[in-house]
Every structure is written in C-alpha cells, then in structure tokens.
Amino acid sequence: DEDLVPYPDKVQQRYHEWLAGRGDLEGRPSFTPQQRWWLDEIARHIGINVSISVEDLNSFAFQPRGGQVAALKMFGDKLPALLEEINQALSV
C-alpha cells in the first residue's frame with residue numbers, strides 16, 4: 001500500500017534533498033539568496049511541467065526577473081549544466 005503523493009510535492013522533496021546534497025559537497029559554496037530564488041522557481045516549474053529548458057526561462061515567473069539573460073548573468077556558463085543536473089535530480 002503505497003501512498004499517492006502529488007507530483008509537485010515529490011519534486012519539492014527531491015529539490016530539498018538536492019540542495020542539502022549540494023551544500024554538503026566540499027568546494028561548493030552555498031547559493032546566494034538571488035540564486036535560491038531562481039532555483040526555487042526552477043523546482044516549482046519542474047513540479048508543474050516535468051522539466052525545464054533554458055528557453056523556459058524566458059517565460060512564466062522568470063520573465064519579469066529578466067528571463068534567460070538574467071539567469072545567465074546569475075549562473076554564468078554553468079547554467080545549461082545546472083539545468084540538466086536539476087532536471088535529472090528532480091524527475092521522479
């Protein structure tokens with residue numbers, strides 16, 4: 001008898017596990033509050049849409065914050081790899 005858990009809730013649980021794992025790894029600084037806003041919204045987006053792409057950053061809640069351009073400024077050239085990592089970590 002396995003309890004049914006809504007997909008967004010599963011994604012949020014995996015997101016918190018992913019954040020905890022990232023913080024525990026040596027040489028990886030914690031995320032700034034601005035980066036956490038982006039990561040929180042990315043996780044929320046995955047919970048609704050199953051995955052996220054760089055192009056998705058030009059719409060939804062990301063657009064008023066500057067979209068893909070702002071995300072690239074925030075995370076630099078590591079953004080595509082970060083999105084790939086978070087997509088894999090949060091997919092249930």
Kindly compute the distance separating [atom1] ([X]) from [atom2] ([Y]), expressed to the nearest 0.5 Å.
X     : Y     : atom1 : atom2 : result
Leu90 : Glu17 : CG    : CD    : 9.5 Å
His45 : Ser53 : NE2   : OG    : 6.5 Å
Met74 : Trp37 : CE    : CH2   : 9.5 Å
Leu83 : Ile52 : CG    : CD1   : 6.0 Å
Lys78 : Glu84 : NZ    : CD    : 15.5 Å

Measure across [X] and [Y] and return the closest heavy-atom pair with its distance rounded to 0.1 Å.
X     : Y     : result
Val11 : Ala43 : CG1-O, 3.5 Å
Gly47 : Pro8  : O-CG, 3.5 Å
Ser51 : Asn87 : CA-OD1, 3.2 Å

**Study point:** Electrostatic pair Glu41:Arg36 at N-O distance under 4.0 angstrom
**Key:**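 No, Glu41 and Arg36 are not salt-bridged.
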Review point. Could you go step by step and tell me if Tyr15 and Leu39 meet the side chain to side chain contact (heavy atoms under 4.5 Å, CB included) rule?
Key: CA-CA 9 Å; Tyr15 172 56; Leu39 293 171; 3.3 Å; yes
Check your understanding: Are the side chain of Arg65 and the backbone N or O of Ala70 linked by a donor-acceptor pair below 3.5 Å?
Key ->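 Side chain of Arg65 to backbone of Ala70, a donor-acceptor pair under 3.5 Å: no, none is there.
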**Study point:** Main-chain N/O of Gln68 paired with Asn58 side-chain donor or acceptor, under 3.5 Å
**Key:**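 At least one qualifying donor-acceptor pair exists.
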Practice item. Before giving the answer on side chain to side chain contact (heavy atoms under 4.5 Å, CB included), spell out for Ile86 and Ile46 the whole-Å C-alpha distance, their side-chain angles and the decisive distance to 0.1 Å. Key: CA-CA 9 Å; Ile86 201 167; Ile46 292 171; 4.2 Å; yes
Check your understanding: Going by the angle between their ring planes, with limits at 30° and 60°, are Trp38 and Phe62 parallel, tilted or perpendicular?
Key ->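 Because their plane-to-plane angle is under 30°, the rings of Trp38 and Phe62 count as parallel.
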Exercise for review: Taking the side chain as every heavy atom from C-beta outward, state whether Tyr7 and Ile48 have any atom pair closer than 4.5 Å.
Suggested key: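 Not touching, per the 4.5 Å side-chain cut-off.
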Review point. With a 4.5 Å heavy-atom cut-off, do Glu85 and Arg22 have their side chains touching?
Key: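 Result yes, sub-4.5 Å side-chain heavy-atom pair found.
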Review point. Do Leu57 and Leu79 pass the side chain to side chain contact (heavy atoms under 4.5 Å, CB included) test, and can you show the C-alpha distance, the side-chain angles, and the key distance before you say yes or no?
Key: CA-CA 11 Å; Leu57 299 175; Leu79 179 64; 3.8 Å; yes
